[in-house]
Protein chains: 2
Amino acid sequence: MGLRERKKRATRAALAEAAVRLAAEHGVDNVTVEAISEAADVSPRTFFNYFDSRDDAFVTIDAEVGTRIREAVLAAPPSLDPLTAVHRAFADELADVERRHEVWNLRAEVLKQAPHLMVRSLGAHLEDELGLARAIAQRLDPGSPEPERPGLYPRLLAAVAGTAVRISIEHWSAGGATVPFLAVFERVFTHLAAGLPAPPPDDR
Amino acid sequence: MGLRERKKRATRAALAEAAVRLAAEHGVDNVTVEAISEAADVSPRTFFNYFDSRDDAFVTIDAEVGTRIREAVLAAPPSLDPLTAVHRAFADELADVERRHEVWNLRAEVLKQAPHLMVRSLGAHLEDELGLARAIAQRLDPGSPEPERPGLYPRLLAAVAGTAVRISIEHWSAGGATVPFLAVFERVFTHLAAGLPAPPPDDR
DNA sequence: ATGAAAAAATGCAGAGAATGCAAAATCTTT
DNA sequence: AAAGATTTTGCATTCTCTGCATTTTTTCAT
């Protein structure tokens, strides 16, 4: 990886981090593009070379996560049912939520203050949803190529998986991270696999 | 309902409709607040009295829908399992998706052109999610009052229900509305109730 | 009806977001 | 080191959004 590429990544990361730190300190609405740019040592114009909007700086995440999950879903043993395959793919990816949980918490704090950013954040994940649905469809039907328009079931499973991630993080975070994150994630998929029946009083 | 309230509704509706129509004609990015306001016969400043942002005009929907769904969930016969209770509440509310499907399609067309608006649209629904989760929690535990912070299961069920609505509409709309919407909706809940197992080849 | 109170609409001024374009600075390749 | 490609930057401009003071409209009590 050449110097140019490294610099680009560094710049983007510096902008994103500056945005989150400034927001955590002064409140989201009191952070201007100018301030973010200054903290990252670039011109305001450069900010917009990296992000389409101010809000994107708080929200945009690693684009490769989606790719890895899709590949994991396709690579899982054929004997696994789809829900479990998706479950494991996400679990592997989320294993280090706790390790980097300082950064996550900082960002979560910011998003909590600004619901519209939370919305955007979900949207970022949503982009991957269609790709995941395609991967699921191909897994169900290994002979044919990946369909451009997945059927109802693959779409539903992909969407529900994304929802599961979100709810797990929200619930885990709301509880103050007092239990292992993956434990929450397991409970969620247990509910889903059972068809969402009313749980016993001690499991709500 | 007094004159004031009626006028407010009319103004809001006029702004929202003007926004969607102008966007459908000229493209989302070529519609300014000024143009929307002019089409709705109010001042640009008034626009911002009704919507927090330009984009909200394309996205915001009837705020009472959420209330009706919550009430329906609470009023459903206690013998119904939670998933079914939620299912029925939404189904009743969505019964006229097809009747008003001209407006929906117009809006859907606009949102398709502008992914970031799609994201916002989802967010609008998301706001209701917490309220629904509370209602579900109370339904599960009729004795106690509605909890401020619902547990994992109510949150999950509320979120999954919202996802089910979205996927149903997307899939139905992508298929050109060639089948009854509620039929799609039923299939989705059948998948969910079964725990999302791999469906037979003819049901994907 | 009518006048006082409440709510909504408006105009205006101004900060900030976002984009296009051309010039300058920086990195890559040979 | 020089040519070429890419990135950064400054500048001008349009549009979004907010606060505040003023005017208009609706409501309510008399």
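All chains are named by letter (A, B, ...) in the order of the sequence lines, taking the proteins before the strands, and each is independently numbered beginning at 1.
- Taking atom CD of residue A:E5 and atom P of nucleotide D:dT7, one finds them 8 Å apart after rounding to whole Å.
- Taking the six-membered ring for Trp and thresholds of 30 and 60 degrees, B:F181 and B:F185 have nearly parallel ring planes, at less than 30 degrees apart.
- Judged as a ring pair (Phe, Tyr, Trp, His ring centres under 6.0 Å), the pairs with a partner in residues 135-154 of chain B (not counting sequence neighbours) are, in order, A:H191-B:Y153.
- Looking only at side-chain heavy atoms (C-beta outward), B:L80 and B:H87 stay at 4.5 Å or farther from each other.
- For the pair A:P199 and B:L140, the tightest heavy-atom approach, listed with the atom from each and the gap, is CD-CD1, 4.4 Å.
- Ion pairing between a basic and an acidic side chain is recognised when a charged N comes within 4.0 Å of a carboxylate O; B:R166 and A:E129 show such pairing.
- Taking the charged nitrogens against the carboxylate oxygens, A:R187 and A:D203 do have a contact shorter than 4.0 Å, which makes a salt bridge.
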Short N/O separations, protein against nucleotides 3-6 of chain C, under 3.5 angstrom:
| unit_1 | atom_1 | unit_2 | atom_2 | d |
| --- | --- | --- | --- | --- |
| C:dA6 | N3 | B:R4 | NH2 | 3.4 |

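- Between the side chain of A:R107 and the backbone N or O of A:F58, at least one donor-acceptor pair lies under 3.5 Å.
- When rounded to the nearest whole Å, the span between CG of A:D56 and P of C:dT19 equals 10 Å.
- In this structure, B:F51 reaches neither bases nor backbone, as no heavy-atom distance under 4.0 Å exists between it and the strands shown.
- Within 4.0 Å of A:N49, counting heavy atoms only, lies at least one base atom of the nucleic acid.
- Straight-line distance from the CZ atom of B:R6 to the C1' atom of D:dT27: 13 Å, rounded to whole Å.
- Atom OH in B:Y50 sits about 18 Å away from atom C1' in D:dT18, given to the nearest Å.
- Rounded to whole Å, the distance from CG on A:L15 to P on C:dA17 is 14 Å.
- Near DNA chain D, defined here as any heavy-atom distance below 4.0 Å, the residues from residues 37-48 of chain B are B:R45, B:F48, listed numerically.
- Spacing between atom CG of B:D55 and atom P of C:dA18 amounts to 10 Å, rounded to whole angstrom units.
- Closest to the side chain of B:K7, out of D:dT7, D:dT25, C:dC27, is D:dT25.
- Heavy-atom contacts from other residues, nucleotides or ligands closer than 6.0 Å to CD of A:E186 number more than 12.
- C:dG16 atom C1' lies 10 Å from atom CZ of A:R54, rounded to whole Å.
- For the pair A:E17 and A:R21, the salt-bridge criterion is met [side-chain N within less than 4.0 Å of a carboxylate O].
- Protein atom CG of A:L3 is 11 Å distant from nucleotide atom P of C:dT29, rounded to whole Å.
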